[in-house]
Amino acid sequence: MSVLVTGGCGYLGSHTCLALLEAGYEVVAVDNLCNSSRESLKRVSELTGQPFKLYECDVRNGMQLMQVVEQNNVEAVIHFAALKSVSESFEKPLEYYENNVGGTLTLLRVMALQKVPYLVFSSSATVYGEQEVQPVHESAALRPCSPYGRTKVTCEEMIEAAARANPDFSAVILRYFNPVGAHESGRIGEAPQGEPSNLLPRLTRAAAGSLPPLVIAGDDFPTPDGTGLRDYVHVCDIAQGHVAALEALERRPSGVLTCNLGAGRPVSVRELIDTFERATGVSVPCRVGPRREGDLAACWADITRARQELGWSPLRTMEEACRDAWNWQSQNPFGYDGPVL
Ligand code: NAD
Ligand code: UD1
C-alpha cells in the first residue's frame, strides 16, 4: 500500500515513516519544512536502506497535493502536518486555524476527489482539557482550552462529517498523550526549531548544559509528590500505533475510530527526573519554580480501546525512553543542523 505521510520530516512523522517502511509500506512524504529538516528523512532512508520520495509541499496547496496523490497512487494518508505549540496558538490563533484546519480541509477535499479511502489523523490529548475522571476515556466530553486544541477538535469534526457523508471513506483519529524519546539508533529524534517547551527535551538540554537548570513547574499540585502527572509514551510505540491504525482501516473500512495513544500510566515530573538519572547515570540540574499558566495537575490515558480495536500496546519502558532521548541529545546536540558527535 502506498501511504502519504504529511509532516513526514517532523518528530512523529519521521519515526512513523521508519516504522511504515519496516512494515513493508511504500511511503511518500510531504512537508513544508516550517518546523523540521529534510535531514530527518535522509536518515530514515539510511536506517532502512530504502529511498523514498519527499515533496517540499504545503498541505494547503491543493493543486500540488493533488499531483502528489495522483502520481504516487496514494491509498492512505497519515496527516501529521500541523502547528503544535499551545502557547504560540494564543499569540497567533488565525495562523493555527489556517494551517491546521485549512490544511486538513484541503487534504480532505483532495482525498475525496482522488477517492483515497483511508486517513489516520494526528489529534492530541489536549482536546480533553481538564477532566475529573482519570484515566481519560475517548468518550469524555471535549474541553480544549487553547486555540491549538480547538483546531484539533474542529479537524476531528470535519473528518467525522466527511466519513458520514461518504461510506467509502474511513478514518482513525489518534489522540496522543505525551510522546517522548527517540529512535534507539540516536539518528532521529525531536528537533524543534527554537527552544523546546516540553519537559523531556528541556530536561535533556538542561542535563547537557545547553539550557539553564530545569524548572519544575510547580510542586503544589494535588498529586502524590506535588508535581504534575502526565502520560509519557515512547515515540516508537506511537509510530507503531500508526501501522496498527492502517491495518485496522483495512479490516474495518467504514466510519471513524478514535483512540487514545499513551502508556496508560501517570508519571510525575519528579519521577521522570529520577528515571532519567537512573537510566543514564547523568544528573539533571533542577529547581522548583511556579506553575505554568493553565497547566493541568494530571492527565493520563485509558488505552483499553487502542488495545482492543487496534491490537496495539506500548512496549517500551520509561527508562528506554529516557536513555533514547539522551542518546539522541548526546549525538546531536544541535539537532539535525549541527555536527554529529
Ligand atoms: P512537528 O512540528 O515535529 O511535525 C509537524 C511537521 O509538519 C513539521 O515537519 C512541519 O514542518 C510540518 N508542517 C506544518 N505545517 C505544514 C503545512 N501546512 N504543510 C506541510 N507541512 C507542514 O510535530 P510533531 O511533534 O511531529 O507532531 C505531529 C502531529 O502530532 C501534529 O499534528 C501535532 O499537533 C500532533 N501531536 C503532537 C504531540 C507531540 O507531543 N509531539 C502531541 C499530540 C499531538
Ligand atoms: C503540552 C501541551 C499539549 C501537548 C503536550 C505534548 C500545553 C498546555 N499542553 O502538554 O497540548 O499535547 O505538551 O506535546 O502546553 N514541566 C516542567 N518544567 C518544564 C516543562 C514542563 O515541570 O520546563 C511539567 C509540566 O508542568 C507538566 C509536565 O512537565 O506537568 C509535562 O509538560 P509538557 O511536556 O509541556 O506537556 P503537557 O503539559 O502535558
Side-chain angles (χ1 to χ4, degrees), residues 6-7 10-13 32 34-36 59-60 79-107 121-160 173-180 190 192-202 215-218 220-223 227-233 235 238 258-262 266-267 269 289-302:
T6 75
Y11 176 43
L12 305 184
N32 69 358
C34 71
N35 195 36
S36 56
V59 288
R60 291 165 292 178
H79 182 37
F80 291 108
L83 301 176
K84 64 161 183 177
S85 159
V86 170
S87 55
E88 189 184 54
S89 78
F90 282 103
E91 291 152 27
K92 302 174 181 172
L94 301 184
E95 283 184 27
Y96 271 68
Y97 278 97
E98 187 183 33
N99 201 357
N100 296 3
V101 177
T104 303
L105 180 60
T106 304
L107 174 69
F121 176 70
S122 290
S123 190
S124 166
T126 202
V127 299
Y128 294 120
E130 189 135 23
Q131 298 284 333
E132 271 175 24
V133 180
Q134 299 287 337
V136 188
H137 188 264
E138 290 85 352
S139 59
L142 303 186
R143 299 195 186 103
C145 42
S146 68
Y148 165 66
R150 280 188 282 276
T151 67
K152 290 293 179 189
V153 174
T154 307
C155 290
E156 289 195 8
E157 287 169 358
M158 291 193 308
I159 292 163
E160 275 153 18
I173 292 173
L174 297 175
R175 294 178 179 156
Y176 319 129
F177 279 65
N178 294 62
V180 290
E190 188 168 10
Q193 313 277 1
E195 200 174 293
S197 58
N198 291 125
L199 179 60
L200 200 58
R202 289 197 76 84
V215 177
I216 298 173
D220 57 352
F221 287 102
T223 61
T227 67
L229 293 174
R230 293 292 186 276
D231 186 330
Y232 302 97
V233 53
V235 63
I238 291 271
T258 301
C259 290
N260 290 337
L261 291 188
V267 171
V269 177
R291 291 185 186 189
R292 294 187 310 193
E293 205 187 324
D295 244 357
L296 304 172
C299 182
W300 74 95
D302 180 335

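Given the structure is predicted, the values throughout are model-derived calculations rather than measurements.
- Taking the side chain to side chain donor-acceptor pair (under 3.5 Å) definition, one finds that Y97 meets it with nothing, sequence neighbours left out.
- For the side-chain contact (heavy atoms from CB on, under 4.5 Å) test, no residue two or more places apart in sequence or in another chain qualifies with E293.
- Under the 4.5 Å side-chain criterion, counting only non-hydrogen atoms from C-beta, E160 is in contact with T258.
- D220 is linked by a side-chain contact (heavy atoms from CB on, under 4.5 Å) to R291, counting only residues two or more places apart in sequence or in another chain.
- Looking at Y176 and V233, their side chains never come closer than 4.5 Å, going by heavy atoms from C-beta outward.
- Of the possible donor and acceptor atoms, none in the side chain of Q131 sits under 3.5 Å from a partner among the backbone N and O of L142.
- Taking every heavy atom of both residues into account, R292 and A217 meet most closely at CG-CB, 3.8 Å.
- Side chains of E190 and N198 form a contact here, defined as non-hydrogen atoms less than 4.5 Å apart.
- When the side chain to side chain donor-acceptor pair (under 3.5 Å) test is applied to S87, the partners found at least two apart in sequence or on another chain are S85.
- Side-chain N or O atoms of S123 include none that pairs as donor or acceptor with a backbone N or O of L174 at under 3.5 Å.
- Judged as a ring pair (Phe, Tyr, Trp, His ring centres under 6.0 Å), and not counting sequence neighbours, the contacts of Y11 are H15.
- The two atoms that bring V127 and G149 nearest to each other are CG1-O, 4.1 Å, heavy atoms only.
- The side chain to side chain donor-acceptor pair (under 3.5 Å) search around N100 returns T151, not counting sequence neighbours.
- Distance check, rounded to the nearest 0.5 Å: NZ of K84 to CG of N35 gives 6.5 Å.
- Contact detail for C155 and T104: the closest heavy-atom pair is SG-OG1, 3.3 Å.
- With values rounded to the nearest 0.5 angstrom, N178 atom CG is found 10.0 Å from L200 atom CG.
- Considering all non-hydrogen atoms of both residues, V59 and G103 come closest at CG2-CA, 3.8 Å.
- A search for ring pair (Phe, Tyr, Trp, His ring centres under 6.0 Å) contacts involving Y232 returns nothing, not counting sequence neighbours.
- Under the ring pair (Phe, Tyr, Trp, His ring centres under 6.0 Å) criterion, Y128 pairs with no residue, sequence neighbours left out.
- Closest approach of N260 to A301, counting heavy atoms only: CB-CB, 4.1 Å.
- Here the side chains of L261 and P179 are not in contact, with every heavy-atom distance at 4.5 Å or above.
- In this structure T126 satisfies the side chain to side chain donor-acceptor pair (under 3.5 Å) test with no other residue, sequence neighbours excluded.
- Atom OG of S124 and atom CD1 of I173 lie 12.5 Å apart (nearest 0.5 Å).
- A search for side-chain contact (heavy atoms from CB on, under 4.5 Å) contacts involving L296 returns E130, R230, C299, not counting sequence neighbours.
- Interatomic distance, CG of L105 versus CZ of R60, reported as 12.5 Å (0.5 Å rounding).
- Listed by first and then second residue, the salt bridge (Lys or Arg N to Asp or Glu O under 4.0 Å) pairs involving residues 143-157 are E156-R175 (not counting sequence neighbours).
- Remark: S89 OG to L94 CG distance equals 11.0 Å, nearest 0.5 Å.
- In terms of the ring pair (Phe, Tyr, Trp, His ring centres under 6.0 Å) criterion, F221 has no residue partners (sequence neighbours excluded).
- In this structure, CG in D295 is found 11.0 Å from OG1 in T227, a value given to the nearest 0.5 Å.
- With no hydrogens or angles considered, no side-chain donor-acceptor pair links Y148 and E88 at under 3.5 Å.
- F177 and V136 get closest at one heavy-atom pair: CZ-CB, 4.5 Å.
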